[in-house]
Chemist: 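Let me begin by handing over the structure; questions about it come next.
Sequence lines set the chain letters: A, B, ... in the order given, protein chains first and strands last, and positions in each chain run from 1.
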Amino acid sequence: MANENKNKAPYRAYLFVFLSISLLALSAWVIWNDEFGLRPWKMYQKEFKSLKHDNLEKDYQKALKDFQKSGDAARLAELQQKLKQAQDHFKKKEVHDRYLQLSARINDLKTGIAENQKTMQTIRGQFLETEYYFTKNQKPEDKAKMDELQKQIDAIDKKIKDLKTRLTPLQTEQLGLMGDIPAIEAKIEALQKPLAEKKERIANNNSAPVEIRQRLIGDANKADRCESCHAGIEDSKNVSSKQPYTRHPLSFVYLGNHDPSKFGCTFCHRGQGRATTTIEKAHGNIRYWEEPLLKRGMTQTSCLNCHGDIKNLRGAEHIHQSTELIRKYGCYSCHKIPGYESMGDVGPELTHVGMKVNYSWVLNWLMDPKNYSSMARMPKFFFTKEQAEAVADYLFSMSGTTRHDVDYASVTPDEKLVEQGKILWSQARCNLCHVTGGRGGNHIKMYAPELSKVGSKVNKAWLFNWIKHPNQYYAGARMPQFTFNDQEISALVEYLISTYTDDEAELQYTTPKTISAGSIKKGKDLIQQYGCYGCHKIEGMEMVQVAPSLRAQGVTFLKSDEMREKIGTELTSIGSKPVEMLDFGKMKKEISQDRLSYLKQKLRDPRSFRLGLRMPDFRLAEKEINELAGVLYGFTDAHVPTRFLVPSKAEIDKMANVPPYQFTGDFAKVIKSVKCINCHSIKGIGEDYAPDLTFAGSKLQEKWMRSFLANPDVIRPLLQQMPNLGLKTSTVTGKITMPRFNLNKKIVEDTNKSDVDVVVNYFQQELLSPDIPKNIPTIPDMSMEEQIASGKNLYDQKGCVVCHQIGASGGAVGPNLSNVGNRLNPGFIFVHLENPRRFKPDIVEPTYGFTERERIVLTNYLMTLKLNNSDANKK
Amino acid sequence: MQTRNNIIRITLFAAISGVIISGCSKPQSKNAKSGAHTAAADSSAAAGAEQELPFNLREGKRLYNHYCAICHGETGDGAGQYYGFGLSPSPARFTDKAFMKTLSDETMFKAISEGSAGVGKSNMCPPWGKTFEKDEIDCIITHIRTLTGN
């Protein structure tokens, strides 16, 4: 028995020891994990503190070296010696004793004054009380008491004054005893101040506690602890370029305008603000967190949550550029997008397209628009030939009964007309908007059709009418009316049709063929299915309807008032759509299961998710996909507190019942026909390709305006800053100027006025700025000649010639100034020189910070730059 | 019989300790991994590599192209497309590695904010100090540093 027990014991003992040790180890690990393992931010903060310490220390050492080098150290030593001398003098027995004696006496006097003042207060109180009763009851005893109290007050007052008079010389003497000591001490402190501050910063950094840092936004239920690891975000100097020790980029814009204690971090960056245990959790890259951290290149999408206008918003430039893609491809035509409710149609009206184009061209176009023009914005619908024929049949049936083509290849062109047309074409500068043969199209945002193969597309009769009266073909036409006479238009038509043909075009319907009714019906069904009416106005198809073929499959609107306005999904909060509600379909295994990947895949290949999807393929470049996905990602229903919202001007006007600006009177007619706002902007309407005309009345001189409108010349050799010209995609010879619209030959319709008169009148009455003075200040102590000479001197000294041309010399970055004395009003130049960004926020001209005097002399100098009348039309 | 019991005990013991050890190491290894995590570009670098640049570089590039590239050229070779080639003296060449090495960040900052005249050269480059904030000039300098091909 005893043997058995002895044999069993060792095994149990070993087991027991092992388990005890593991329990001990486990406990130790638990404690360590809780303190450090689950709190990596401690490590990051400590590391940051050490990096910052090194940085501050280096800074201090450098400042110390500079201090010693600059002679300040020597000065400091000198001052300190002087101080010691003064202090030694002060320490001498007689000085010191006298000082103490004076101190005692001053103290006595001060005590006396204080006691008297206290007594005075009491008596004063009694006096006021007595006065009150006297005023109330008018008793003579009260008056007597009042007088007596007043006597006492006067006596004490005198005493206090007397004491104070005795005090002043004593204090002066005491101060004198101290000699220079206070002055020297102040100077020493001033010298030491910068170094002392740096030392203090080092000490503050060393003693900074390592703790959770949190931004609490109570009403939004946010507790952002990002700064527990990103300790350097709010620092003014960058301590390291490694994450997470960096400081916030462009902090004067982002942190300066959005105080972190009021905004936190996650409103803009998303992520899981509360998490502090691991990076993945804090950044929200975990399974059930719907708002992961916005990656690089996407952070600006959050600007869309609060800001209505991002056009000139500093810090939102990248996202603003991306929103241009929505305009370019017209996403708002099929999808409801906030802010794009009142954009015009992306494509032309198709009601009368049968009178415009060749049937074969339509077939080719419908099957793949890029077969006709690589610049085509219309997406590919993957129609089969039969489907394309059905659609084309429907469209042609609205203006005729046949499929027909016109072939101009067999017709010999009139060479003289062609030659004339060519000259007119270049004079009118049509290439500004239209690309022909790889040239032109600098006004990219106009998205004007490429005309390299227009001869095989349209017929001459239509083209003639189009150039003559663009607005007659359809109301939303953006092409301006150039008022050529009929002969000139014929020349242009001959030139275009005969020069720009497609040699490979196959025109199969030069003998017209009747359209069958069945085909028309099928076409209508297809159009309703694919929603062509979203981008193109088609008469009879203004409302969204369910195509019969789809209705047969059971597709229907649930209720009549749920008829969506657009055929595609509403995108108002696509950026918040839960991942579970996204239909990945066939792509479930191919792409990662998050919202951003879904959006990118949808843009890349819209029909890849399953059969039966109808969105067409826009053939976007990868860069465009990333940018668009970023914008869509920003359309969220994020519950932003109302105090954060910055509504757009349009929204504010709507709330204040202010109607949007509209052009009035005859000027509106000019705008409607010449379409100045295709290039210029006026009061926020229009494009920014050409100069803004909102204050043209105050800025420009009348005589010059008239001559320019009649015959536009070159003012700005490089119309816009170089990168925006897209020069890599096209070659431009000659300078870019306003097209010649043949104004001054025009009479505005229904009136007898010349259009130039109408425009100039409107500018001078409506387009004014109260900030542009009519006259500039004068300098009384300089003659005009002196001022002009001084201005010229300043012009040369500051190097204005680098960017501006005067005569033959100068640069081509800014406007030519040879005739600026005739062109601009002096008030404008004066205001412009103070802050060039004021009227054009993205101007390249630097702000020099001129004094008012400098601005006056410069303006006076510039106003002398005039070309005489014969040259004025050349420059 | 005792041996069989011992075998059972040993197996049980190994199993339990295995469970404990594996349970311990998982969270630890996660922390170790995240501790070593640095600012690497994320895996969604399909294309659009430009958008993967740090913000300072993208902003610097945007500012440089808008304000400086006219004379200095988008690639920094001192031949701005329209105007740089006609300037005399020609603008600084940021692609020249040896030259760029001689420029400290402080010198570049001074040259940008006070103009080329502020660092003893011609007055062709205007002073930008009142147009840009310090952060913006830093972004531009960061971008210029990449033009040597780093």
Chemist: Counting only non-hydrogen atoms closer than 4.5 Å, does Tyr245(A) touch chain B with its backbone (N, CA, C, O), its side chain (CB onward), both, or neither?
Modeler: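 For Tyr245(A), there is no contact with chain B at all, as no heavy atom is under 4.5 Å.
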Chemist: Can you tell me how far the CD1 atom of Ile16(B) sits from the CG atom of Leu19(A), to the nearest 0.5 Å?
Modeler: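 Rounded to the nearest 0.5 Å, the CD1-CG separation comes to 7.5 Å.
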Chemist: Measure Ser17(B) against the heavy atoms of chain A and call it side chain, backbone, both or neither at under 4.5 Å.
Modeler: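 Contact with chain A involves the side chain of Ser17(B) alone.
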Chemist: Verify side chain to side chain contact (heavy atoms under 4.5 Å, CB included) between Phe850(A) and Lys130(B), making sure each step is shown before the conclusion.
Modeler: CA-CA 11 Å; Phe850(A) 292 122; Lys130(B) 296 201 173 75; over 6 Å; no
Chemist: Between Pro127(B) and Pro846(A), which heavy-atom pair has the shortest distance, and what is it?
Modeler: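 Pro127(B) and Pro846(A) have their closest heavy atoms at O-CB, 3.7 Å.
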Chemist: Find the distance between CD1 (Ile10(B)) and OH (Tyr14(A)) and round it off to the nearest 0.5 Å.
Modeler: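 It comes to 12.0 Å.
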Chemist: Could you give the distance from OH (Tyr67(B)) to CD (Glu845(A)), rounded to the nearest 0.5 Å?
Modeler: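 If I round to the nearest 0.5 Å, the distance is 11.0 Å.
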Chemist: Is there a side chain to side chain contact (heavy atoms under 4.5 Å, CB included) between Arg9(B) and Leu15(A) once you walk through the steps?
Modeler: CA-CA 9 Å; Arg9(B) 283 187 196 121; Leu15(A) 185 66; 5.6 Å; no
Chemist: CD of Gln321(A) to CZ of Arg62(B): how many Å apart, nearest 0.5 Å?
Modeler: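 CZ of Arg62(B) is found 9.0 Å from CD of Gln321(A).
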Chemist: Which pair of non-hydrogen atoms, one from Asn123(B) and one from Gln797(A), has the smallest distance, and what is that distance?
Modeler: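 Closest approach of Asn123(B) to Gln797(A): ND2-O, 2.8 Å.
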Chemist: How close do Val844(A) and Ile70(B) get, heavy atom to heavy atom, and via which atoms?
Modeler: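 Looking at all heavy atoms of both residues, the shortest contact is CG1-CD1, 4.0 Å.
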Chemist: Please name the pair of heavy atoms, one in Asp135(B) and one in Arg247(A), separated by the smallest distance, quoted to 0.1 Å.
Modeler: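 So the minimum-distance heavy-atom pair works out to OD1-NH1, 3.1 Å.
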Chemist: Would you mind reporting whether Arg296(A) and Pro54(B) have side-chain heavy atoms less than 4.5 Å apart?
Modeler: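 Pro54(B) vs Arg296(A): side chains touch.
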Chemist: Counting only non-hydrogen atoms closer than 4.5 Å, does Leu57(B) touch chain A with its backbone (N, CA, C, O), its side chain (CB onward), both, or neither?
Modeler: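 Leu57(B) has no heavy atom closer than 4.5 Å to chain A.
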Chemist: When you measure from the side chain of His66(B) to the backbone of Ile843(A), do you find a donor-acceptor pair of N or O atoms at a distance under 3.5 Å?
Modeler: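 The answer is no, because no donor-acceptor pair under 3.5 Å joins these two groups.
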Chemist: So that I know where these two stand, are Phe252(A) and Phe132(B) an aromatic pair - ring centroids less than 6.0 Å apart?
Modeler: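 Aromatic pair excluded; centres sit 6.0 Å or further apart.
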Chemist: Assess the residue pair Arg314(A) and Glu133(B) against the criterion (salt bridge (Lys or Arg N to Asp or Glu O under 4.0 Å)); give the C-alpha distance rounded to whole Å, side-chain angles, the decisive distance to 0.1 Å, and a yes or no.
Modeler: CA-CA 12 Å; Arg314(A) 183 70 183 94; Glu133(B) 299 281 329; over 6 Å; no
Chemist: Let me confirm one number: the CH2-OG1 distance from Trp128(B) to Thr847(A), rounded to the nearest 0.5 Å.
Modeler: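 Nearest 0.5 Å value for the CH2-OG1 distance: 8.5 Å.
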Chemist: What part of Thr299(A) gets within 4.5 angstrom of chain B, counting heavy atoms only: side chain, backbone, both, or neither?
Modeler: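 No part of Thr299(A) comes within 4.5 Å of chain B.
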Chemist: Between Asp796(A) and chain B, which part of the residue has a heavy atom less than 4.5 Å away: side chain, backbone, both or neither?
Modeler: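 Only the backbone of Asp796(A) comes within 4.5 Å of chain B.
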Chemist: For Leu250(A) versus Asn56(B), what's the shortest heavy-atom pair and its separation?
Modeler: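 Scanning both residues, the minimum pair turns out to be N-OD1, 4.3 Å.
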